[in-house]
Amino acid sequence: MKNQELAAIFAQMADVLEIQGANEFRVRSYRKIVRVLEDLPDDVETLAGDGRLEDVPGVGEGTAKKIREYLETGKIEAHQELVSQVRPETLELLNLSGVGPKTVGLLAGKLGVTSIEKLHAALDRGEIGKLPGMGEKKIENIRKALDLYSAARGRALLGWARDLADDIVGELRDRIELTEIEPAGSLRRWRETVGDLDILAVPAPRKGVDGVETARGAVKAFSSLPQFAEVLSAGETKASARTPDGFQVDLRVVPSESFGAALQYFTGSKAHNVRLRSIAQSKGLKLSEYGLFDGDRAIAGTDEEGVYEALGLPWITPELREDRGEIEAALSGKMPDLVTIKDIRCDLQSHSTFSDGSCSITEMAGFARSHGYDYYAVTDHSQSLKIANGMTPDRFLMQMQEIDGLNAKSEGFRILKGIEVDILPDGSLDMPDDVLAKADVVLASIHSNFKQSEEEMTERILKAARSPLVNIIAHPTGRLIVSREGYSVNVGRLIEECAATGTALEINSHQARLDLNDVNARRAMEAGVMLSLGTDAHHPDDFAMMPLGVSVARRAWCAPRHILNTFSCESFLEFCSRKRARR
DNA sequence: GCCGTTTTCGGCCCGACTGTTTTCAGTCG
């Protein structure tokens, strides 16, 4: 879809025009085109092909010509001309929160401030305050925005953001009466990272107090929460605040009759909402965050189910709302039967003091059991991983003995003898075959020589997958979310090999890994590869990250039958021995 | 720059919030 590319181009044109002080209605017209393009259900290429570009509201002769130019040549002359008049460092100033095109135009025009660096200098010289409209607070806000920008805060990890959301929701519930409160946005869709947090709330009606007053009360309670270092704004129905880490949280107080529509709208994704709006459109209805309307009459909006139902759809679980086929599946009544946390009977990757875990097997097992599991796998590292106190063959044999002893004493719960064996640079395994053969389950993974070429790395992992002793390839790409790219492995070829050899792929459920990710996990599932969830627990608390792994499986459209952790202990062991029997 | 049972000029617009103003400009999602 070229829609988003074109939207970005027109947005940049609008920015430059506005910085230059062009006619505001011309700027507004460009902004409208950006909005329309971003939300457009149809592909501009198709529309252009059909000669229907001008039918799109906001697209007139000039814009249609520019769009066609882009589709034909890959660029727009007028855009390049505009951008060439402004230095790229100047456009960067727009990234500062609270600084828009007007301010940038003012700074550049009056003071020659055309970059972040020059802005710092001008602030230090006290020049900014001499400009019209630049008071003390405004300058203070620019200083803060600069600090925040230089800290280059990225998106937060899902697990961290969920804990924060739980804290905030819990605390708000303690302080005020609420009939509804729900975090929306990418957090509700369980995306692996979250940019900011949108919380929707409906305050409980109180006798003798009007709606405006209860909304105000909610905003006030939110603004005074201890989780925040700073309140950015607080009005009648909306407030924004920031945690000490610079993570932004918004509260929106909505009327109960709009709650469902608002929840739907703010949950997104954008692409999913575009599709829903186009369905509404085709039925002659209008969908917004206030409700689903037939003319002026709201026909749904109190709850999400009602909104989807009025559009002729079953309610779609937030994890699937990415426009990756869920609308089609819903329309044809073929929604997947997704795995849930209740289906999970075990954790398939954990560590103990035998390598780099912080607790004994007894302690970890006690916790796994209290978690409601039927079994769990101890999978400590192998010897080459010195930094993690990896096990020699002898120590692994000792560990297996200890586990046998523990199992003999316990009923209704089993500890599996497992290992996370290193895949050495040449693809061989860091433990003799005859020792590995004694284990219940073998995970293999890479912890060294990350820099190998894609060819070498892929061959290295494929070799491990072909070993009849390896049941699961753990954290298959090695990526660490926001902090490390994965090693270059051809995931497509790995999936083929795993399908052919009966090897499972892990969805490592640690919040910093979530590896495989949703897209690759779905490819694997569709290729018939079994998936395995493991929190990589190094401490009992880490078991709590299992819902994150489940969410990846759900975003990958997995049913319980695709996930090894839903198997009984016997069935799981049978899965492992089936591959070994091929030897 | 777009748009028009207000058609070729003259009006367009999203609502909430802050901050610098004294009625409004700028930013943001």
Side-chain angles (χ1 to χ4, degrees), chain A residues 6-7 9-11 13-39 53-67 69 76 78-79 82 93-107 109 128-145 148-149 184-186 194-200 212 215-216 218-220 222-223 230-242 248-255 258 262 265-270 273 286 288-290:
Chain A
L6 279 159
I9 287 175
F10 286 117
M13 291 178 79
D15 285 343
V16 178
L17 285 169
E18 207 168 7
I19 288 171
Q20 294 178 336
N23 178 299
E24 66 168 298
F25 292 108
R26 191 172 159 216
V27 173
R28 201 179 288 178
S29 155
Y30 275 104
R31 297 250 183 255
K32 181 179 178 183
I33 291 158
V34 173
R35 219 175 48 239
V36 169
L37 280 173
E38 281 179 343
D39 294 351
L53 269 183
E54 274 101 334
D55 293 351
V56 178
V59 176
E61 203 185 319
T63 305
K65 206 170 145 199
K66 291 186 182 75
I67 292 175
E69 182 188 347
I76 297 174
H79 167 245
L82 270 177
L93 289 169
L94 292 170
N95 292 329
L96 299 172
S97 128
V99 175
K102 285 277 157 55
T103 310
V104 174
L106 186 72
L107 290 170
I128 309 284
K130 295 172 192 154
L131 295 174
M134 288 290 169
E136 240 174 78
K137 287 200 171 176
K138 202 104 186 227
I139 290 170
E140 187 50 35
N141 284 339
I142 291 178
R143 277 189 205 281
K144 278 189 200 160
L148 209 63
Y149 184 67
S186 45
V194 178
D196 59 12
L197 182 55
D198 276 311
I199 298 177
L200 302 183
V212 178
R216 233 177 245 154
V219 167
K220 204 174 151 202
F222 175 82
S223 309
E230 183 188 7
V231 175
L232 302 171
S233 71
E236 305 263 292
T237 62
K238 210 182 124 182
S240 296
R242 206 141 51 195
Q248 188 171 326
V249 184
D250 293 349
L251 176 79
R252 290 164 196 277
V253 183
V254 298
S258 296
Y265 179 88
F266 285 108
T267 297
S269 68
K270 193 156 196 130
N273 287 357
K286 209 178 141 237
S288 74
E289 67 246 60
Y290 302 104

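So that the names make sense, note that chain A is the first sequence line, chain B the second, and so on, each numbered from 1. Just so we're clear, the structure is a prediction, and the values are computed from it rather than from any experiment.
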So which heavy atom on A:Glu18 is nearest to which on A:Lys102, and how close?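 Minimum heavy-atom contact is OE2-NZ, 4.0 Å.
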Using a 4.0 Å heavy-atom cut-off, write out nucleotides 21-29 of chain B from 5' to 3' as B (base contacted by protein), S (sugar-phosphate only) or - (no contact). S----SSSS
Which distance, rounded to the nearest 0.5 Å, do you find between the [atom1] of [X] and the [atom2] of [Y]?
{"X": "A:Leu107", "Y": "A:Leu131", "atom1": "CG", "atom2": "CG", "answer": "6.5 Å"}
{"X": "A:Ile9", "Y": "A:Ile33", "atom1": "CD1", "atom2": "CD1", "answer": "12.5 Å"}
{"X": "A:Leu17", "Y": "A:Phe10", "atom1": "CG", "atom2": "CZ", "answer": "11.5 Å"}
{"X": "A:Lys66", "Y": "A:Leu53", "atom1": "NZ", "atom2": "CG", "answer": "13.0 Å"}

Side chain to side chain contact (heavy atoms under 4.5 Å, CB included) between A:Met134 and A:Leu106, intermediate numbers included: CA-CA 10 Å; A:Met134 288 290 169; A:Leu106 186 72; 4.1 Å; yes
Kindly say if A:Thr237 contacts the phosphate of B:dC17, meaning a side-chain N or O under 4.0 Å from OP1 or OP2.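 Affirmative; the distance criterion is met.
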Is A:Ser233 near enough to B:dA16 that one of its side-chain N or O atoms lies under 4.0 angstrom from OP1 or OP2?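 Looking at the OP1 and OP2 atoms of B:dA16, neither is under 4.0 Å from any side-chain N or O of A:Ser233.
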[atom1] of [X] versus [atom2] of [N]: gap in Å, rounded?
{"X": "A:Asp55", "N": "B:dG4", "atom1": "CG", "atom2": "P", "answer": "11 Å"}
{"X": "A:Arg31", "N": "B:dC2", "atom1": "CZ", "atom2": "P", "answer": "16 Å"}
{"X": "A:Glu289", "N": "B:dG15", "atom1": "CD", "atom2": "C1'", "answer": "9 Å"}
{"X": "A:Leu17", "N": "B:dG1", "atom1": "CG", "atom2": "P", "answer": "8 Å"}
{"X": "A:His79", "N": "B:dG1", "atom1": "NE2", "atom2": "P", "answer": "15 Å"}
{"X": "A:Ile142", "N": "B:dT20", "atom1": "CD1", "atom2": "P", "answer": "10 Å"}
{"X": "A:Glu24", "N": "B:dC13", "atom1": "CD", "atom2": "C1'", "answer": "9 Å"}

Nearest-nucleotide comparison on DNA chain B, the residue closer to the 5′ end among A:Gly235 and A:Phe25: A:Phe25
Nearest-nucleotide check on DNA chain B, A:Ile139 vs A:Tyr290; residue mapping nearer the 5' end is A:Tyr290
Taking the side chain of A:Asn141 as its heavy atoms from C-beta onward, which of B:dG1, B:dG15, B:dG19 lies nearest to it?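 In terms of side-chain proximity for A:Asn141, the closest of B:dG1, B:dG15, B:dG19 is B:dG19.
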Can you tell me, in whole Å, how much space there is between the [atom1] of [N] and that of [M]?
{"N": "B:dT6", "M": "B:dG11", "atom1": "P", "value": "16 Å"}
{"N": "B:dG26", "M": "B:dT21", "atom1": "C1'", "value": "13 Å"}
{"N": "B:dC12", "M": "B:dT22", "atom1": "P", "value": "27 Å"}
{"N": "B:dC2", "M": "B:dT7", "atom1": "C1'", "value": "13 Å"}

Contacts of type side-chain hydrogen bond (donor to acceptor under 3.5 Å, both in side chains), residue A:Glu69, not counting sequence neighbours: none
May I ask you to say what [X] touches in the nucleic acid, namely base, sugar-phosphate or nothing, with a heavy-atom cut-off under 4.0 Å?
{"X": "A:Ala239", "answer": "nothing"}
{"X": "A:Glu54", "answer": "nothing"}
{"X": "A:Val27", "answer": "nothing"}

What verdict does the salt bridge (charged side-chain N to carboxylate O under 4.0 Å, His left out) test give for A:Glu289 and A:Arg252, after you've listed the backbone C-alpha separation in whole Å, the side-chain angles of each residue and the deciding distance to 0.1 Å? CA-CA 12 Å; A:Glu289 67 246 60; A:Arg252 290 164 196 277; 6.0 Å; no
Donor-acceptor pair present, A:Arg28 side chain and B:dC13 base, under 3.5 Å: yes
